[in-house]
Amino acid sequence: MIDVNLLRENPAAIKASQKARGASEDLVDQAAKADDNWRKAQAEFENLRAEQNAKAKLVAGASPEERTKLIAEGQELAAGVKAAEQRAADFQNELNTIVLKIENVVTEGVPVGGEDDFVVIREEGTKPTFDFTPRDHTELGELLDVIDIERGVKISGSRFYFLKGWGARLELALMNLALDQAANANFTALITPTLVKPEVMAGTGFLGEHSDEIYYLPADDLYLTGTSEVALAGYHSNEIIDLTDGPKRYAGWSTCYRREAGSHGKDTKGILRVHQFNKLEMFSYVTPEQADEEHAKLLAWQEEMLKKCELPYRVIDTAAGDLGSSAARKFDAEAWVPSQETYRELTSTSNCTTYQARRLNVRYRKEDGKTAIAATLNGTLATTRWLVAILENHQQADGSVRIPVALRPYLGGAEVISPVKKS
RNA sequence: GGAGAAUUCGCCUAGUGGCCUAUGGCGCCAGCUUGGAAAGUUGGUUGGGUGCAAGCCCUCGGGGGUUCGAAUCCCCCAUUCUCCGCCA
């Protein structure tokens with residue numbers, strides 16, 4: 001959630017941000033009004049309560065007659081105090097409801113507009129040229145017997161698959177490569193729960209507009225997470241963390257579950273868009289002053305991984321309207337997918353500034369001893385989808401796939417995955 | 001699944017209706033002491049809201065209730081521990 005102090009001091013800035021996102025500016029006025037109402041009602045209640053407290057305190061030391069009188073007065077006050085408290089609580093609820101709807105204030109410089117209004121920051125690597133017709137990853141997956149979609153569908157339905165043989169090993173190798181890199185950069189590895197309570201899902205903001213993307217288990221009132229970000233953001237909720245030694249960084253590995261409810265007909269072939277995949281996610285808790293710098297670092301680590309996988313990619317600065325509600329700025333790295341002759345998102349990194357941490361009540365202690373809301377950032381370091389780019393970009397005429405050098409140590413030194421007779 | 005116990009300011013802990021505006025210890029921070037340290041000693045040490053400020057309000061796991069007044073009494077919930085059952 002946004003900072004109510006900003007709402008009081010500079011509502012125009014929030015309005016401008018809402019406008020850039022194509023979100024409601026009217027919410028800001030509504031929130032300001034609700035805030036005003038709440039503060040008045042709260043002051044009224046507190047004054048009455050102070051009076052009540054003062055009277056109650058006198059009772060103990062009073063003479064019998066005075067005592068009767070004071071108790072009578074107290075009885076009279078009690079109902080009024082209760083009513084005032086209720087009024088204040090109602091206004092506060094109203095304020096909260098509105099404020100939670102306001103999205104994070106976008107960073108200055110973020111492109112205005114929607115999904116297609118991103119700005120390409122740079123392109124890296126060389127797109128492969130083939131003297132044969134490149135196969136798509138589905139075909140390669142069958143040829144090499146590394147992705148078994150048919151049987152995945154048989155077992156679990158559409159958008160499910162088996163990773164098999166070198167495919168399974170390749171994914172584990174990718175995750176291990178990423179985890180080693182993260183560990184070197186001072187990330188603590190975490191294998192996170194993938195079933196979480198409603199309040200955690202709500203607290204991380206995933207129950208809002210994306211709620212139909214999420215699997216829910218009614219018998220247990222638990223949600224399956226679509227990213228370990230949920231658990232990683234909730235990890236330090238309601239805590240005062242120590243940031244004196246620098247950022248707290250976590251590399252969370254988990255299986256991710258997504259209903260893909262709104263994407264019927266999109267990417268139906270292969271494993272580009274699936275209900276279940278694995279992901280290694282970077283997550284940083286930093287001071288608000290460090291957030292921009294950390295964001296640049298997360299992006300640099302993502303690019304490092306892409307380079308290790310020898311993938312051509314571009315980095316885009318996502319437009320305001322395409323940001324998640326928690327993000328103030330988001331960079332995506334998209335890898336070249338030869339069969340589609342287009343770039344597809346492999347990583348995404350968001351700077352959530354204090355927006356997410358405020359809602360989850362994650363604080364740190366400043367040098368003056370006071371507490372302040374921390375900033376959070378997240379970024380992908382590896383996912384199952386990377387296999388698509390790796391298989392397609394490194395394919396050879398005979399259908400074999402060259403394994404990127406950095407991955408070989410994790411695959412027993414293997415250099416190539418060759419076609420096999422399908423079993 | 002059943003029964004019982006517990007949850008207090010970083011940690012431990014006192015506290016069964018009103019000077020609890022929460023006790024004491026450990027730890028931590030600052031001062032004194034010291035050549036320096038230890039020991040000793042004095043003070044500080046939960047957070048939040050609101051207000052220019054003084055202050056006021058909230059906070060004893062969470063939420064309700066009883067009462068003029070609740071850490072304390074009642075109800076619901078969460079978590080932890082112990083025992084029983086069940087499963088491995």
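Both backbone and side-chain heavy atoms feed into the values below; hydrogens, waters and symmetry mates do not. Chain identifiers are assigned alphabetically (A, B, ...) following the order of the sequence lines, protein sequences preceding nucleic acid strands; residue numbering begins at 1 within each chain.
When heavy atoms are screened at a 4.0 angstrom cut-off, A/Gln52 is found touching the sugar-phosphate backbone but no base atom. Using a 4.0 Å heavy-atom criterion, one finds that A/Asn53 contacts the sugar-phosphate atoms exclusively. At the heavy-atom level, A/Ala50 lies under 4.0 Å from the strands shown only through sugar-phosphate atoms. Residue-level contact check: A/Arg67 touches the bases, meaning some heavy atom is under 4.0 Å from a base atom.
Between A/Glu281 and A/Lys279 there is a salt bridge, since at least one side-chain N of the basic residue sits less than 4.0 Å from a carboxylate O of the acidic one. At a threshold of 4.0 Å, the pair A/Asp212-A/Arg259 does not count as salt-bridged, since none of the basic side-chain nitrogens sits closer than that to a carboxylate oxygen.
Listed nucleotides B/G18, B/U21, B/U50 differ in distance to A/Lys57; the shortest reach to its side chain belongs to B/U21.
Checking A/Arg159, A/Arg385, A/Arg273 one by one against A/Asp267, the salt bridge (Lys or Arg N to Asp or Glu O under 4.0 Å) holds for a single residue, A/Arg273.
Note: CD (A/Glu46) to P (B/C57) measures 8 Å, nearest angstrom.
By the 6.0 Å contact criterion, NZ on A/Lys19 is open, its count of non-hydrogen atoms from other residues, nucleotides or ligands being 12 or less. Other residues, nucleotides and ligands contribute more than 12 heavy atoms inside 6.0 Å of the NZ atom of A/Lys308.
With a cut-off of 3.5 Å on both pairing distances, the Watson-Crick and G-U wobble pairs of RNA chain B assemble into stems of 3 or more at B:1-7 with B:78-84, B:10-12 with B:24-26, B:27-32 with B:40-45, B:47-50 with B:55-58, B:61-65 with B:73-77.
Of all the residues in residues 74-89 of chain A, A/Gly74, A/Gln75, A/Lys82 reach under 4.0 Å from RNA chain B with at least one non-hydrogen atom. The stretch residues 231-241 of chain A does not touch RNA chain B, since none of its heavy atoms comes less than 4.0 Å from the strand.
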